[in-house]
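Worksheet: one structure, shown below.
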Amino acid sequence: MDFKKIISDSQVATVRMAISILSTLLLIPVITKYIGESEYGIWVTIIAISSIFISLGGAHLHGALIRYKPKEAQEGQTLVDTLTIILASSIIVCLLFFIIGLYSSIFNDIIIPENRLTSLAIVSSLIFTRLLLQFLSNYPRAREQVKIYDLLMTIKHLSDITVLPITLFLTREIFLGIASVTIVYLVLILSILWYYYPDWRLYPNINNFKKYLKYGLPMIPKEMSGKVVSHSDKFIILVFLSPVEVAIYSVSYKVVSLFRSMSGVLNSTLYPSVTDAWESGEYQELSKLYEYIIYGYSLIGIPALAGLTILAYPVLELLSTQNIADQGSVLVPILGFGFFIWGYENPLAYLLTADEDTDKIAVITIVTAILNVILNLILIPVFGLIGAAIATISSHILKTSYMFYICRNKVRISIPTTKIIKITISSVLMFSVLYILSDTVTGIRKLIAFPVIGISIYLIMLYSMGGIPIDQLKKQLPNS
């Protein structure tokens, strides 16, 4: 296994991740401060609902594309086959969403009553284009062109932070903003097809469909359940509380989701790399890789959680409104802990997909989703947003624990306990100093000064305890 290539490929992914986080955070002030808190609640609920339908229609075919592309007998056959299936499933789920929205009242809180047909058509178009773009953008990954995949995702996120905010500023209409993004996604889809489609005379081979569906269909419950875990709380908050409450919770949720993004930096290269290593029987190399991942994530994630807890109020106040900051600052440490734990689970799934043991992922994700919904239904009416946060972290801890247990039965994964203890001690010291200084600086000055002070204390303390193995890190750098 080429560790230097993995690190090299992840450099572009890091840029993509940064732009993705920026695009997510930029929309918060644009909508909450310029249009309204309740409108932001409607926006995130639309994204949540569309994500659930996308997970249903996607059938994990992007995974099948990556898994079987290297083994195809004829160049481009896997793309043609899976694209045919994804087109059919996209049309079906869009029609399903449209019919449900048309003949039931389930989406009444997010759909404009006087423009019901138009609103449903716009959201259906968003589902269709997001589904196709998610699938097609993974084709470069299947060809081991990870940097091109990250470039495509970067272009997508750049469009999110330009086209959407501009449209919202000009129109102050959420659904027109969705329509503008849908058009951009369609242009990206056509560009990918124009560049990569192998031969328009190449027809789908129906005999291959069973193979792809056998691999992907068991992942539908996993994909959908994962979206339920991520988004059901927002919908239940909307039902029991209000769109404003959804906005407060969602802004806090978005801020702490950076932990999931951090642990996902390697995702684009891990899928093909772990699969290749598994196929080659490089189990010792996989063990070493995952030890590095756990250490690297802890090295950044633990102090980030401590710092974000201290800076929760000024961060929320900068991004949104004082009302959201007042109530959301309590949620950030709770949600942050859950997302931090969840971050460890992110890379583990690739061991199971490499072994084609996707059933276990599906089972634990379904169980987690059911638990999440039950806890939300019980806790939100009683404890409000705090209840939703507790339900979320409980689900994340359960899933991460199970995934780690299963993966350790496949590959020996060593936890660098001594290093993590040193990281934790350094982070606690950093937190203590910042907490003592918290009343001396406020507002934007705190956001500027505290990260500098905190990072300095953390690194000095960690280095003094020998918690940074510089020599080992140098060996793995691409240019060393």
Side-chain angles (χ1 to χ4, degrees), residues 50-96 126-146 148-153 156 185-186 188-224 226-227 267-276 278-279 349-350 352-359 361-362:
S50 66
S51 296
I52 292 173
F53 278 88
I54 288 168
S55 64
L56 173 63
H60 200 67
L61 287 170
H62 69 281
L65 180 64
I66 295 171
R67 186 73 179 82
Y68 294 108
K69 168 71 176 70
K71 300 178 180 180
E72 64 186 2
Q74 183 174 359
E75 176 65 28
Q77 188 65 58
T78 307
L79 174 62
V80 174
D81 293 344
T82 49
L83 178 59
T84 303
I85 302 173
I86 205 76
L87 280 171
S89 64
S90 301
I91 294 170
I92 291 170
V93 295
C94 288
L95 287 174
L96 178 64
L126 176 68
I127 293 171
F128 183 81
T129 52
R130 280 185 64 191
L131 218 165
L132 279 183
L133 184 58
Q134 173 186 279
F135 170 79
L136 287 171
S137 60
N138 276 278
Y139 189 61
R141 287 175 74 187
R143 295 166 59 96
E144 298 187 357
Q145 298 172 329
V146 176
I148 294 180
Y149 163 79
D150 287 319
L151 179 62
L152 286 171
M153 290 296 94
K156 173 188 176 295
Y185 291 171
L186 182 60
L188 282 173
I189 290 167
L190 294 175
S191 300
I192 296 171
L193 284 174
W194 174 79
Y195 186 79
Y196 278 113
Y197 201 83
D199 188 342
W200 294 102
R201 294 168 295 181
L202 185 62
Y203 295 102
N205 186 346
I206 298 178
N207 295 326
N208 293 332
F209 285 12
K210 182 179 179 180
K211 173 177 63 176
Y212 306 132
L213 293 173
K214 184 179 179 181
Y215 179 86
L217 288 179
M219 294 294 284
I220 290 181
K222 180 261 179 185
E223 298 282 349
M224 287 194 66
K227 297 302 180 183
N267 281 1
S268 54
T269 186
L270 276 184
Y271 207 146
S273 298
V274 171
T275 299
D276 289 344
W278 185 271
E279 294 283 336
Y350 297 112
L352 298 180
T353 54
D355 191 29
E356 297 185 344
D357 193 5
T358 54
D359 291 344
I361 303 177

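Note that the numbering runs from 1 along the sequence shown for the chain.
Across every non-hydrogen atom of Gly57 and Ser89, the tightest pair is O-OG, 2.7 Å. For the pair Thr82 and Leu61, the tightest heavy-atom approach, listed with the atom from each and the gap, is O-CD1, 4.2 Å. Counting all heavy atoms, side chain and backbone alike, Pro140 lies closest to Leu152 at CG-CD1, 3.9 Å. Closest approach of Pro204 and Asp81 over heavy atoms only: CA-OD1, 3.2 Å. Of all heavy-atom pairs between Leu126 and Tyr185, the closest is CD1-CE1, 4.2 Å.
Two residues are said to be in side-chain contact when any heavy atoms from C-beta on lie closer than 4.5 Å; Leu83 and Leu136 meet this criterion. Residues Tyr139 and Ile192 are not in side-chain contact: their nearest non-hydrogen atoms beyond the backbone lie 4.5 Å or more apart. With a 4.5 Å cut-off on side-chain heavy atoms, Tyr203 and Thr84 do not count as touching.
The structure places CD1 of Ile86 at 13.0 Å from OH of Tyr212, a figure rounded to the nearest 0.5 Å. Between atom CD1 of residue Ile189 and atom CD of residue Gln134 there is a gap of 11.0 Å, rounded to the nearest 0.5 Å. Of the inter-residue distances, the one linking Leu79 atom CG with Asn138 atom CG reads 11.5 Å to the nearest 0.5 angstrom. Put simply, CG on Leu56 and OG on Ser51 are 12.5 Å apart, with the number rounded to the nearest 0.5 Å. To the nearest 0.5 angstrom, Ile85 atom CD1 is 11.5 Å from Ser90 atom OG. The CG atom of Leu132 sits 8.0 Å away from the CG atom of Leu193 when rounded to the nearest 0.5 Å.
In this structure, the side-chain contact (heavy atoms from CB on, under 4.5 Å) partners of Leu188, at least two apart in sequence or on a different chain, are Leu133, Ile155, Lys156. Every residue two or more places apart in sequence or in another chain that forms a side-chain contact (heavy atoms from CB on, under 4.5 Å) with Ile91 is listed here: Leu95, Phe128.
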